[in-house]
2 protein chains.
Amino acid sequence: MTPMTQNLPHPRRNLANEIVSVLRSDIISGVINPGEALAEPVLAKRFGVSRAPVREAIIELERAGLVQFETTGRTRVRTLEEKDLAEIVETRIALESMGARLAATHWTPEHTLRVQQFIAEQEAATTDEEFSLLDIAMHEYIMKRSGNERLVVLWQYIRWQFEMALTYIHRLQINTAHDLRRFTVAGHWKVLETLAGRKPEAAAKVMSQHIIGSLEWSVTETTEHPPAAGSAPRRGNLAKMKRASRASS
Amino acid sequence: MTPMTQNLPHPRRNLANEIVSVLRSDIISGVINPGEALAEPVLAKRFGVSRAPVREAIIELERAGLVQFETTGRTRVRTLEEKDLAEIVETRIALESMGARLAATHWTPEHTLRVQQFIAEQEAATTDEEFSLLDIAMHEYIMKRSGNERLVVLWQYIRWQFEMALTYIHRLQINTAHDLRRFTVAGHWKVLETLAGRKPEAAAKVMSQHIIGSLEWSVTETTEHPPAAGSAPRRGNLAKMKRASRASS
DNA sequence: GTGACGCAAAGTGTCGACACTTTTTTGGTG
DNA sequence: CACCAAAAAAGTGTCGACACTTTGCGTCAC
């Protein structure tokens, strides 16, 4: 690990935080695979630190749901089954539809401008990664407009799990289908319309449908280019999730 | 230390978990006051252990939102302002209305029986504490019927924050008003009706209204028997919360 | 009396060590 | 060659120690 630039006013847990960032992105991006073991001494050596900060980092990753403690005490990267994907999406809808609802209640024209900019950048994005990053950034922006810090914090954790899941859904799919992009951008316009119109209920509903819709497209596209053996989620639970989506209306 | 009923079987971190249980109940029940400092060496001495498990316990309490890290590194019991109460309730509604929605989709007659039992016990409760514990237990039971573990875990954290907030709202109020009890029990009957009828949307809506309604009663009752100086939430945000409640319909 | 200075106390972040447990390897046996 | 036992290796949980930072307090000059 790069010798930390010290003396920066980080709230607490300096080394641990840096380690968390690295490991989290490793897990989300699939550099470390689900089921893989995370041993404290090994990581300590990798990062050139003692076990203490590594241990704290691992606790934080467990909090985020990216890692799982076994009864023996060992730690593994969490594996994802179909049920997990359903849970993640349901939870994301719960948090994000409430986020959109609250955001709509005190939305301003400046916020509209910012979101329009996000959408424009997304339309101009050249790589899938750029598109995806902008998507997340925009959802985060809207969540923060809710003004509810707790909601944002919980959403962050679910979001990371969602990103991790997407990595495995998309693992064998080289390019994001152009249609998915169009679908996503269209969804964003609809969401923005409800926010700008300060219609909380509509915002919550449209956001739910946008989330479930995007996922359905992703999974559909992926299963057409068949994914990794058995590990990736299939479409079985989508009907249930769609019900949950119509949910928050 | 009094072994608290630990519902989420955390396989790891033994000493830390016991310490978490004790400190959490101390904070929720007001034995340790908001703003009070939690120093690792002091707690280590109190529990007769070294700093390591204490440190992990404190991290867990921060995860639960009961404790806050300052920029200096010190830890204090989180203080609650009016805004915090609004955030907690909004988040609880987001999670619990989704929980009720999901629970309704696979509700069985056995579940109905169990909830009826909860309500009966609540009607028979003699002390406020008993009433309150049964209330929480029932909400937890319904959340678990959602079948979504992630939702339940996030809800647990918010629930502890909610309990902590209630302690401060009710601090000076000796008895739970009988009307509040009646209101609460009536709400539970309504919720059960939607669950038993397997009406997900109605369940979500009724649950939201039940939560916001209970809070409104609590705060009203409390402000009539005036609460501690300035620290307890006032009614300013209730209108906004009520909007958020109608929300999840 | 009051305010600045500086020293002592308290606290956090990190480290290495040790005991105990689980997993893996090894080596002997049928 | 398969199989079990025992030893070795790897890993976790907890401890005490130390450096550095922040806080608290007493002292001294004015």
Side-chain angles (χ1 to χ4, degrees), chain A residues 1-23 26-27 32-64 66-79, chain B residues 1 3 6 8-23 26-27 32-64 66-79:
Chain A
M1 160 182 248
T2 32
M4 51 288 175
T5 43
Q6 277 320 22
N7 290 339
L8 288 178
H10 219 351
R12 206 190 185 185
R13 265 106 207 170
N14 259 328
L15 274 182
N17 279 331
E18 290 200 38
I19 296 171
V20 165
S21 301
V22 176
L23 289 182
D26 279 359
I27 293 173
I32 308 179
N33 287 305
E36 212 166 304
L38 292 186
E40 290 170 13
V42 176
L43 293 175
K45 196 167 284 181
R46 166 177 170 194
F47 291 107
V49 299
S50 81
R51 275 178 55 212
V54 168
R55 192 175 172 84
E56 293 189 5
I58 288 181
I59 294 179
E60 173 65 19
L61 291 173
E62 195 263 356
R63 170 205 302 220
L66 299 180
V67 132
Q68 217 166 12
F69 294 147
E70 300 177 340
T71 46
T72 62
R74 301 305 216 266
T75 305
R76 301 192 168 288
V77 175
R78 187 152 185 180
T79 56
Chain B
M1 31 185 117
Q6 185 78 358
L8 300 176
H10 216 56
R12 207 187 189 189
R13 266 104 204 174
N14 248 328
L15 270 183
N17 278 330
E18 289 200 40
I19 296 171
V20 165
S21 301
V22 177
L23 289 183
D26 278 359
I27 293 173
I32 308 180
N33 287 303
E36 214 166 301
L38 292 186
E40 290 170 14
V42 175
L43 293 174
K45 195 166 285 181
R46 165 177 169 191
F47 290 107
V49 300
S50 81
R51 273 179 55 210
V54 168
R55 192 175 171 84
E56 292 189 6
I58 288 180
I59 294 179
E60 172 65 19
L61 291 173
E62 195 264 355
R63 169 205 304 222
L66 299 180
V67 133
Q68 217 166 13
F69 294 147
E70 301 177 342
T71 46
T72 62
R74 299 276 148 83
T75 306
R76 319 193 88 86
V77 175
R78 187 151 182 181
T79 55

Which nucleotide in [options] has an atom nearest any side-chain atom of [X]:
{"X": "A/Arg74", "options": "C/dT23, D/dT14, C/dG11", "result": "C/dT23"}
{"X": "A/Thr72", "options": "C/dC15, D/dC15, C/dT22", "result": "C/dT22"}
{"X": "B/Ser50", "options": "D/dC15, C/dG13, C/dA10", "result": "D/dC15"}

Spacing of A/Glu40 atom CD and A/Ser50 atom OG [to the nearest 0.5 Å]: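 The distance works out to 10.0 Å.
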Closest approach of B/Ile58 to B/Val67 (non-hydrogen atoms, all atoms of both residues):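 Looks like O-CG1, 4.3 Å.
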Nearest heavy-atom neighbours spanning B/Ile59 and B/Phe69: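 Smallest interatomic distance, heavy atoms only, reads CA-CZ, 4.4 Å.
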Grab the [atom1]-[atom2] distance between [X] and [N] for me, whole Å please.
{"X": "B/Leu38", "N": "C/dA10", "atom1": "CG", "atom2": "P", "answer": "17 Å"}
{"X": "A/Glu56", "N": "D/dT14", "atom1": "CD", "atom2": "P", "answer": "14 Å"}
{"X": "A/Glu40", "N": "C/dC18", "atom1": "CD", "atom2": "C1'", "answer": "15 Å"}
{"X": "A/Phe69", "N": "D/dG11", "atom1": "CZ", "atom2": "P", "answer": "16 Å"}
{"X": "B/Asn14", "N": "D/dC15", "atom1": "CG", "atom2": "P", "answer": "12 Å"}
{"X": "B/Asn17", "N": "D/dT12", "atom1": "CG", "atom2": "P", "answer": "16 Å"}
{"X": "A/Arg46", "N": "D/dA10", "atom1": "CZ", "atom2": "P", "answer": "19 Å"}
{"X": "A/Glu60", "N": "C/dG13", "atom1": "CD", "atom2": "C1'", "answer": "17 Å"}

D/dC15 OP1/OP2 closer than 4.0 Å to side-chain N/O of B/Arg51: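 For D/dC15, OP1/OP2 do not have a side-chain N/O of B/Arg51 under 4.0 Å.
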Electrostatic pair B/Glu62-A/Arg63, nearest N-O below 4.0 angstrom: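 A salt bridge is present here (some side-chain N lies under 4.0 Å from a carboxylate O).
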Side-chain ion pair, B/Arg76 and B/Glu70, N-O less than 4.0 Å: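 A salt bridge links B/Arg76 with B/Glu70.
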Sugar-phosphate, base or nothing in reach of B/Pro41, heavy atoms under 4.0 Å: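 Base, at least one base heavy atom under 4.0 Å.
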Touch class at under 4.0 angstrom, heavy-atom based, for B/Leu43 against every strand present: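 B/Leu43: no heavy atom of the nucleic acid under 4.0 Å.
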